[in-house]
Chemist: 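The following block contains the structure, expressed as structure tokens.
Below, each value reflects all heavy atoms present in this structure, side chains not excepted, and no hydrogens, waters or symmetry copies.
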Amino acid sequence: MKPRILIVGGAGYIGSHTVLQLAHAEYDVVVFDNLSNGHRDAVLAGELVVGDLADRVALANLFAVHRFDAVMHFASSIQVGESMQQPARYYANNVGNTVHLIEAMIEHGVQRLIFSSTAAIFGDPIRIPIDETHPLQPVNPYGWSKSMVEQILADCDRAHGLRYVALRYFNAAGAHPDGLLGERHDPETHLIPLVLQAAAGRRTHIGIFGTDYDTPDGTCVRDYIHVQDLVDAHLRALQWLMQGKPSAAFNLGNESGFSIREVIRVAEAVTGQRVVVQNLPRRVGDPAVLVAGSSYARAALGWQPRYPNLHDIVQHAWLWEKKCTPPL
Ligand code: UDP
């Protein structure tokens with residue numbers, strides 16, 4: 001029998017790419033998603049159960065009907081700025097609802113969880129690259145909510161033998177190389193899709209949040225990691241847990257940083273369009289530089305990003321952008 005995996009948030013950006021890959025890899029997939037940010041038509045494989053982690057009855061039913069070998073948890077609120085304005089909502093969704101999921105797993109004897117964490121748990125880094133030994137010092141409720149869950153998971157491992165892998169994503173970007181899936185947030189807040197929308201003429205310009213950072217060109221530097229490479233890390237983390245290996249946390253990035261202006265230049269090269277830029281004040285809570293140290297994931301999981309080149313990441317995102325929004 002194929003291993004059956006529950007994908008919470010499988011209708012969202014990274015979740016939907018993972019669902020497709022798991023199905024190709026001969027896993028049985030059940031998606032649980034409240035469709036608040038996800039899309040029904042992004043679930044290209046498996047069974048979709050529409051439900052909310054806040055609803056304990058729905059969760060109990062889900063675990064009563066299916067016997068899961070592992071859970072992947074992608075569902076969360078992800079906007080830093082919004083988390084500053086509505087902290088309680090972020091803690092309720094990202095922490096409270098995750099506790100519901102963990103409790104249901106413990107109750108039903110499901111002992112493997114892969115959790116979507118974030119570079120935001122490191123706050124303003126004290127050194128670059130950021131590896132797993134870097135202190136956790138979040139600077140906003142979003143980052144705190146993720147680091148709290150990592151703490152809860154460590155406690156539940158000790159108390160209940162729940163085995164987990166926390167995957168700390170740096171800047172997830174790109175889209176399925178064949179144009180099957182991509183990023184579809186509403187409203188979109190992420191840099192690469194916004195720059196591509198400007199290139200496509202769907203926006204008049206791209207605003208750059210801060211041009212006076214202590215970086216080579218004054219704009220923030222980020223480590224953009226292809227969504228398919230994140231998916232690959234999830235499959236490897238799943239195998240890690242299935243092999244009975246211990247709980248772990250991995251930082252996932254390409255170990256190289258690109259400034260906002262560099263991203264815009266690459267987008268112009270990929271699209272053949274000029275992108276109009278507006279210099280804006282800094283966005284609250286943005287560290288100047290975030291670059292991952294991922295040697296632990298490479299060594300332990302055998303993970304090797306397949307699309308480390310920013311050009312490929314933007315090229316795949318552009319394929320998706322054109323598919324979503326045909327020429328004007
Ligand atoms: N950014 C920007 N203009 C935008 C959106 C993002 O200048 O319209 C910047 C943002 O301040 C950050 C970088 O682009 O320095 C990446 O931001 P994004 O929201 O894509 O990801 P985050 O780093 O917040 O996870």
Chemist: Is Asp214 atom CG crowded by more than 12 heavy atoms from other residues, nucleotides or ligands, each under 6.0 Å away?
Modeler: no
Chemist: Return each pair, listed once, that meets salt bridge (Lys or Arg N to Asp or Glu O under 4.0 Å) where at least one residue sits in residues 73-83; pairs must be two or more places apart or across chains.
Modeler: Glu82-Arg89
Chemist: Check whether the side chains of Asn251 and Ser294 place a donor and an acceptor atom closer than 3.5 Å, and report yes or no.
Modeler: no
Chemist: Check the pair Gln228, His176 against side-chain hydrogen bond (donor to acceptor under 3.5 Å, both in side chains), reporting the backbone distance first and the verdict last.
Modeler: CA-CA 7 Å; Gln228 286 297 119; His176 193 284; 4.6 Å; no
Chemist: With a distance cut-off below 6.0 Å to the six-membered ring centre and an angular limit of 45° from the axis, does Arg4 pair with Tyr27 as a cation-pi contact?
Modeler: no
Chemist: Strictly below 4.0 Å, N to O, side chains only: are Glu188 and Arg202 in salt-bridge contact?
Modeler: no
Chemist: Nearest 0.5 Å please: distance from the CZ atom of Arg283 over to the CD1 atom of Ile208.
Modeler: 12.5 Å
Chemist: Does the distance from a Lys or Arg side-chain N to an Asp or Glu carboxylate O, for Asp28 and Arg67, drop under 4.0 Å?
Modeler: no
Chemist: Give a yes or no on whether Val80 and Ile78 share a hydrophobic cluster (residues Ile, Leu, Val, Met, Phe, Trp, Tyr; joining criterion: side-chain heavy atoms under 4.5 Å apart).
Modeler: yes
Chemist: Between the main-chain N or O of Gly179 and the side-chain N or O of Lys323, is there a donor-acceptor pair closer than 3.5 Å?
Modeler: yes
Chemist: What do the steps show when you test Tyr169 against Ser117 for side-chain hydrogen bond (donor to acceptor under 3.5 Å, both in side chains), and what is the final call?
Modeler: CA-CA 6 Å; Tyr169 312 152; Ser117 189; over 6 Å; no
Chemist: For this output row, return yes or no: ring centroids of Phe250 and Trp240 closer than 6.0 angstrom.
Modeler: yes
Chemist: Are the charged groups of Glu103 and Arg56 less than 4.0 angstrom apart, N to O?
Modeler: yes
Chemist: Taking the side chain as every heavy atom from C-beta outward, state whether Ile152 and Val99 have any atom pair closer than 4.5 Å.
Modeler: yes
Chemist: Can you measure from CD1 (Ile225) to CD (Glu255) and round to the nearest 0.5 angstrom?
Modeler: 9.5 Å
Chemist: Indicate whether the side chain of Asp157 and that of Ser247 have a donor and an acceptor atom separated by less than 3.5 Å.
Modeler: yes
Chemist: Between Asp212 and Arg282, does at least one N-O distance fall below 4.0 Å, as a salt bridge requires?
Modeler: yes
Chemist: If you define the side chain from C-beta out and look only at heavy atoms, does anything of Val110 sit under 4.5 Å from Phe63?
Modeler: yes
Chemist: Given the side-chain rings of Tyr224 and Phe258, with only the six-membered ring counted for Trp, is the space between their centroids under 6.0 Å?
Modeler: no
Chemist: Looking at side-chain heavy atoms only, is the closest gap between Arg40 and Leu35 below 4.5 Å?
Modeler: yes
Chemist: Would Gln111 and Arg163 count as having a side-chain donor-acceptor pair, cut-off 3.5 Å?
Modeler: no
Chemist: How about Tyr164 and His73: are their ring centroids closer than 6.0 Å?
Modeler: no
Chemist: Specify the closest pair of heavy atoms between Ala104 and Leu59, including all atoms of both residues, with the distance to one decimal.
Modeler: CB-CD1, 4.4 Å
Chemist: Evaluate whether atom CZ of Arg127 has more than 12 neighbouring non-hydrogen atoms of other residues, nucleotides or ligands under 6.0 angstrom away.
Modeler: yes
Chemist: Which residue pairs pass the salt bridge (Lys or Arg N to Asp or Glu O under 4.0 Å) test with at least one member in residues 216-233, sequence neighbours excluded?
Modeler: Arg222-Asp286, Asp232-Arg236
Chemist: Does the ring center of Phe32 lie less than 6.0 Å from the ring center of His66?
Modeler: no
